[in-house]
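Data first, discussion second: the structure below is written as structure tokens.
Every chain is numbered from 1 and lettered A, B, ... according to where its sequence line falls, protein lines coming before strand lines.
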Amino acid sequence: MASRFNPIIADAHWQSVWDKDGTFVADDESARPKSYVLEMFPYPSGRIHMGHVRNYTMGDVLARYRRMKGFEVLHPMGWDAFGMPAENAAMERKVHPGEWTWSNIATMRAQLKRLGFALDWSRELATCDPAYYGHEQALFLDLFAAGLVYRRQSEVNWDPVDMTVLANEQVIDGRGWRSGALVERRKLNQWFLKITDFAEELLDGLDALDQWPDKVKLMQENWIGKSQGMEFRFALAAPMGGHKSFEVYTTRPDTIFGSSFAALSPDHPIAVALAEERPEIAAFIAECKRGGTTAAELETAEKKGFDTGLKAIHPLDPEWTLPVYIANFVLMDYGTGAIFGVPGHDQRDFEFASRYGLPILRVVADSTDDAGKPVEGEADSGDGVLVNSRFLDGMDVEAAKADVIRRAEADGWGAGKTAWRLRDWGVSRQRYWGTPIPIVHCDACGAVPVPKDQLPVVLPDDIAFDIPGNPLERHPTWKHVACPACGGAAVRETDTLDTFVDSSWYFIRFASQPKDRPFDKATAERWLPVDQYIGGVEHAILHLLYARFWTRALQHMGELDMAEPFQGLFTQGMVTHETYRTPDDRWVSPDEVERGADGRLVEAATGQALEIGRIEKMSKSKRNTVDPEPIVDQYGADAVRWFMLSDSPPERDLEWSEAGIEGSWRFIQRLWRITTGETGGGDGTDAALDRKLHQTISAIGANIESLSFNKAVANIYELANAIEKTAPSASRRAAIETLVRLVAPMVPHVAEEVWAAAGGEGLIADAAWPEADPALLVDDEVTIAIQVNGKLRDTERAPKGMSREDLEKMAVANAHVQRILGGAPPRKVIVVPDRLVNIVA
RNA sequence: GCGGACGUGGCGAAAUCGGUAGACGCAGCAGACUUAAAAUCUGCUUUCCUUCGGGGAGUGUGGGUUCAAGUCCCGCCGUCCGCACCA
């Protein structure tokens with residue numbers, strides 16, 4: 001047996017064995033219980049990064065463990081292959097986005113294979129493949145037929161130089177990230193999916209997701225943003241154009257007598273009508289819209305209003321009129337686009353009223369005695385009883401809300417209403433590299449769906465990116481087609497689908513991939529839901545919400561009998577690294593850093609001293625990435641995998657370090673020595689080691705199940721330490737044999753190598769996970785802590801299950817205890833069997 | 001502003017139910033083997049005092065509950081994350 005494990009030979013060998021054997025191909029027909037383990041599929045950006053390695057290693061350990069536990073495991077991999085970077089590459093390098101993407105996929109597939117992941121490559125898919133997106137188009141048409149798709153005008157960020165629509169993240173300080181041009185807001189006709197139809201279901205469904213992090217559920221809950229309130233109507237004292245009244249929404253109907261103004265959104269129909277008549281109002285509205293859309297700008301934007309001169313009649317007092325403003329902070333797409341202002345009890349209204357000299361009334365107070373207390377400094381949003389509110393006086397807030405809603409409903413001027421923060425999902429993207437929306441626009445017939453037998457609508461390849469804008473729009477032939485309904489001249493929709501649509505159902509396609517339809521219902525239902533989904537927390541809201549919506553939409557249409565796609569969710573931490581920076585403010589990559597003569601870090605090429613910056617997520621901009629491939633070349637897949645699992649809890653960030661990977665390498669070699677070295681003679685059993693072994697089997701199983709890989713790693717170290725410290729025996733040989741199976745999910749190459757060398761049957765990947773003997777999980781002797789007044793003074797060994805009386809006697813007789821007691825009897829003795837005795841002196 | 005998470009040695013961390021704080025790893029120190037180095041092995045490693053028997057302090061901070069608190073409760077400080085004019 002070689003004295004060292006050689007990963008260069010072993011990795012390639014076992015990877016090809018698994019590949020040829022089809023070891024990890026999931027069998028749809030298997031009689032075993034199923035387990036679907038999935039990691040979020042990667043965007044093929046070029047090369048695998050450490051974040052991928054960590055993510056896929058975690059899923060792989062679970063997948064391999066579940067296989068050994070007897071599950072039929074589905075563990076697939078694919079590519080989230082549409083998106084903007086491909087178009088950017090096309091513009092920069094004059095290469096077709098498809099060519100760039102497919103070449104990246106080839107590179108990254110090879111890189112993933114070198115890490116030895118137990119993936120079913122037979123199910124590999126790429127979303128940019130017509131064989132995938134054609135089915136997505138079919139599903140889109142199903143949603144269309146079910147009334148879950150509609151088209152309306154919507155504002156976008158428009159870059160006038162690049163002639164393209166920008167995502168919010170691409171707008172920096174009001175300018176396009178690429179062109180630097182001032183971004184305009186433009187109205188375009190765009191497609192929307194009716195996710196709001198499912199708002200209630202998506203919110204309620206969170207309760208059942210008990211294997212999701214609370215944090216993610218809370219983020220989704222806030223995003224959906226349900227609020228209970230009332231919608232009611234203000235009549236205008238004098239009609240304005242055709243408008244005699246307007247609706248407002250409030251969550252505080254109890255404060256209705258504290259109102260001192262009403263405000264309309266600049267986009268409100270009444271505001272728009274006023275702007276047509278009065279240039280000063282048009283100017284004000286234009287000013288409101290000029291401000292940027294970034295969070296920072298909104299935060300600092302002042303509350304601005306314009307008094308229209310209109311008067312609204314208070315619904316509970318025809319004599320009482322309120323001024324109507326147009327205000328920049330009122331959003332058109334939440335509630336009704338109009339509010340009533342209660343400055344005393346809403347901070348934003350308070351600021352507005354203070355600025356424009358409007359009355360600030362108190363209608364809620366700690367007690368009825370405080371009715372005359374002015375509201376000062378800031379709004380009083382606390383609970384209390386109603387005051388200065390006529391028939392509501394003395395009621396608590398909840399009772400007053402209910403009473404106002406009841407009266408409004410009885411008298412017909414308003415009603416209780418639930419409002420949602422969630423908006424419909426705009427899926428139109430004015431881009432080439434995405435799934436074409438399968439719609440044809442016909443002057444005679446309107447928007448006509450492409451018949452399913454004409455799918456897929458394939459992207460044309462002969463496009464050019466030398467002119468800004470969407471190449472589909474100016475393609476000479478592609479967009480010109482006959483209308484599927486009337487046969488007349490028509491044009492294709494040139495927008496493509498948001499890439500989040502692609503990732504909203506890929507997990508279903510992995511489970512079942514017939515050629516002629518998106519999936520087979522029965523086969524998909526056999527695998528789904530995904531038992532464990534693992535990915536970055538950055539997808540906590542959008543991707544996970546969209547996928548949940550898509551699954552429920554399919555259920556609604558009868559295509560899949562399933563409400564929730566992901567039973568278990570785990571969000572892993574990032575891989576981080578120190579950053580290095582030169583005095584002239586350049587970031588320096590770790591592989592260009594070396595230790596200078598004085599021990600300080602310098603840039604290798606220039607000898608410049610470096611400042612060590614914060615530990616941050618590996619990113620190209622900070623130049624603190626470490627490419628996994630050379631690391632795998634040097635240390636092998638197992639050392640890299642082991643490092644990814646060690647030390648940091650998986651939900652927390654992991655700092656990459658040279659010392660860390662060295663340590664992992666040493667452990668792989670140590671494992672090799674333990675498992676292939678001379679085991680010596682000795683036939684006797686070693687009860688202590690037997691116990692340690694079975695406790696370890698149990699602990700590792702539990703720790704892998706709960707994805708606590710760092711703890712499983714510690715369990716392995718403890719067992720390895722115990723084995724090395726004990727003399728040869730039959731128990732020791734058994735422990736070594738078992739150790740190999742225990743590490744197999746984490747470091748599969750060295751495990752296969754040892755397994756084969758030891759004459760193990762078949763592959764260790766197919767071997768059974770060891771069973772822990774329950775009888776050996778408990779110690780027959782325990783250490784009892786001896787405390788005096790809660791402080792540890794000594795420990796004593798005692799047989800497990802020793803009686804309270806005997807434990808007390810033993811503790812009181814203890815020399816340390818006697819010394820402290822000094823002959824006096826203890827005042828009190830607390831005995832916790834098998835754990836401790838605490839003597840109160 | 002609203003919501004949430006977290007704070008433990010030089011470092012990453014563990015402590016699953018309120019019961020021996022610091023398992024395990026990294027780094028470090030001392031030693032063994034070696035001509036030497038690498039590799040490997042052994043021991044030490046929270047901190048302060050010590051007459052070497054021990055003793056004191058210690059989980060961001062100040063209180064509280066308890067025989068007993070990293071863990072529970074209240075206040076404060078700090079770090080990070082999400083949302084952000086949501087009526």
Less than 3.5 Å apart, which donor and acceptor atoms pair up between the side chains of residues 808-815 of chain A and the rest of the protein, not counting sequence neighbours?
residue	atom	partner	partner atom	Å
A/N814	OD1	A/H816	N	2.8
A/N814	OD1	A/V817	N	3.3
A/N814	ND2	A/D794	OD2	3.0
A/N814	ND2	A/E796	OE2	2.8

Where along residues 797-814 of chain A does a heavy atom come under 4.0 Å from RNA chain B, residue by residue in number order? none

Given protein heavy atoms under 4.0 Å, the one-letter contact record of nucleotides 17-25 of chain B, with B base, S sugar-phosphate only and - none, is simply --BB--BSS

List for me each residue that meets side-chain hydrogen bond (donor to acceptor under 3.5 Å, both in side chains) alongside A/N715, sequence neighbours excluded, and say none if there are none. A/N703

Enter the distance from A/I195:CD1 to A/Y546:OH here, rounded to the nearest 0.5 Å. 6.5 Å

Is A/K791 near enough to B/rA57 that one of its side-chain N or O atoms lies under 4.0 angstrom from OP1 or OP2? yes

At 4.0 Å (heavy atoms only), tell me whether A/R652 reaches a base, stays on the sugar-phosphate, or touches nothing. sugar-phosphate

Going by the angle between their ring planes, with limits at 30° and 60°, are A/F643 and A/W656 parallel, tilted or perpendicular? perpendicular

Atom pairs, N/O to N/O, protein against nucleotides 81-83 of chain B, distance under 3.5 Å?
residue	atom	partner	partner atom	Å
B/rC83	O2'	A/R421	NH1	3.4

Rounding to the closest angstrom, what is the interatomic distance between B/rC26 and B/rC74 at atom P? 41 Å

How would nucleotides 44-54 of chain B be written as a contact map, 5' to 3', with B for base contact, S for sugar-phosphate-only contact and - for no contact, using protein heavy atoms under 4.0 Å? ----------S

Hey, is the side chain of A/R4 poking within less than 4.0 Å of OP1 or OP2 on B/rU40, counting only N and O atoms? no

Does A/R4 make a cation-pi contact with A/W672, if we ask for NZ or CZ under 6.0 Å from the ring centre and within 45° of the axis? no

At 4.0 Å (heavy atoms only), tell me whether A/V829 reaches a base, stays on the sugar-phosphate, or touches nothing. nothing

